[in-house]
Amino acid sequence: MQTIQAMLDSFLSVARGFRFPLDLIDILLVAYLLYKGIKIIRETRAGQLVKGIILLLILYLFAQLLELNTIIWLLNKIFELGIIAIIVVFQPELRRVLEKVGRAKVPTLTPWSHAEDAIRSSSIWAQPIEILCEAVQKLSKTATGALIVIERQTKLGEQIATGVMIDAIPSVELIGNIFFKNSPLHDGAMIMRDGKILAAACFLPKPDKEEGIDKSLGSRHRASLGISEVSDSVTIVVSEETGGISFAVNGRLIRNLSIEKLRQTLQFYLIPETTEETKEKKTSFWKGKKK
């Protein structure tokens, strides 16, 4: 009873000192951060960890109410050592969470900055997008396997270091030579940065949950999902078996795209739009499609 009375006294003390609207804003911000955190971890192993922590907290609350001193002491020790254990065991998940936070876009404060970005991106990517579409169309017709990663905000230095540096202006012929089946560079990913072909024969990370991926997908499709989970890059895949064109971004894979759909998708992700009407038109084909 003393514990319950102490909790009630604490609640009343906080209520009397409530500052409106500052404390309300504080509470709403914390609630929003918790909501975003839950969204990030719910599809990872850390989601099960959070459930376990919540159960332990409920048990700790009951132990406090019933004054079960031994249970309280044991749970205190678990919480003290648990933080270190969580950091060690869930290091990959924590890293991915921090990467997602780091990739979050900060809104620009000046009205003209977005237009400047659109003009710069258009000058960099307008011609390469057309070259990519023409090259991918030819690769698709001959069922030549290809894996093309386009770097955006997240730098892909780790993956680039595993391949062969090229640093060349893209052309249909060059892309065709890279992915020609007898070429020493065809087995791996080609990575582009700022409208140029930076490297080829690069290794990409595996996806986080391979068991949930369609068994019919090959190594190129899986690699495209893997790199899209750890970066904001966009990836084009040409199937070696069917010649089908796929597109991976943000852990999602869209299959069997036409060249026109591919062109629209590349323009949407690589060239910022200035009107909502055009943006809605370009994203309409995403509706109803799943990985």
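What you see is a predicted model, and the numbers here were worked out from it, not measured in a lab.
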Nearest-0.5 Å distance that lies between atom OG1 in T265 and atom CG in L270: 10.0 Å

L204 CG to S224 OG distance, which is reported to the nearest 0.5 Å: 8.5 Å

same_hphob_cluster(L59, W73) at 4.5 Å side-chain heavy-atom cutoff: yes

Transitive ILVMFWY side-chain link L56 to L74, under 4.5 Å: yes

Note, I78 side chain near L75 side chain (heavy atom, < 4.5 Å): yes

F247 side chain near V234 side chain, heavy-atom distance below 4.5 Å: yes

Heavy-atom side-chain contact between M190 and V149 under 4.5 Å: no

Minimum heavy-atom distance L139-A146, with the two atoms named: CD1-CB, 3.7 Å

Min side-chain heavy-atom separation W125-I150 under 4.5 Å: yes

Taking every non-hydrogen atom, the tightest pair across L225 and R252: CD2-C, 3.8 Å

Partner set under side-chain contact (heavy atoms from CB on, under 4.5 Å) for L57, not counting sequence neighbours: I53, F79

Minimum side-chain heavy-atom gap Q267-R263 below 4.5 Å: yes

Step-by-step side chain to side chain contact (heavy atoms under 4.5 Å, CB included) determination, H221 to S239: CA-CA 8 Å; H221 293 85; S239 172; 4.1 Å; yes

Pairwise distance CD1(I197) to CE(M165) - rounded to 0.5 angstrom: 12.0 Å

Minimum-distance pair of heavy atoms, taken over all atoms of S246 and N256: OG-N, 4.2 Å

Qualifying salt bridge (Lys or Arg N to Asp or Glu O under 4.0 Å) pairs with a residue from residues 168-192, counting only residues at least two apart or across chains: none

Interatomic distance, F180 atom CZ to I178 atom CD1 [nearest 0.5 angstrom]: 13.5 Å

Side-chain touch L156/I227, heavy atoms, less than 4.5 angstrom: yes

Heavy-atom check, side chain of Q127 versus side chain of P170, under 4.5 Å: no

Interatomic distance, T154 atom OG1 to D232 atom CG [nearest 0.5 angstrom]: 3.5 Å

C202 to G163 - nearest heavy-atom pair and separation: SG-CA, 3.8 Å

Pairwise side-chain contact, I160 with E151, heavy-atom cut-off 4.5 Å (strictly under): yes

CG-CD distance between L198 and Q159, expressed to the nearest 0.5 angstrom: 12.0 Å

Shortest non-hydrogen separation from I72 to A63 and the atoms involved: CD1-O, 3.6 Å

Option from I259, I245, L132 for which side-chain contact (heavy atoms from CB on, under 4.5 Å) with Q137 holds: I259

N/O donor-acceptor pair under 3.5 Å between R222 side chain and L217 backbone: yes

Considering all heavy atoms, the nearest L253-A248 contact: CD1-CB, 3.9 Å

Single-linkage hydrophobic cluster V164~I175, side-chain heavy atoms < 4.5 angstrom: yes

Working for side chain to side chain contact (heavy atoms under 4.5 Å, CB included), residues V136 and I148: CA-CA 9 Å; V136 168; I148 303 171; 4.2 Å; yes

Distance-only polar pair, side chains of N76 and Y60, donor-acceptor under 3.5 Å: yes

Residue from I236, V238, V237 passing side-chain contact (heavy atoms from CB on, under 4.5 Å) with L147: V237

Partner set under side-chain hydrogen bond (donor to acceptor under 3.5 Å, both in side chains) for K196, not counting sequence neighbours: D167

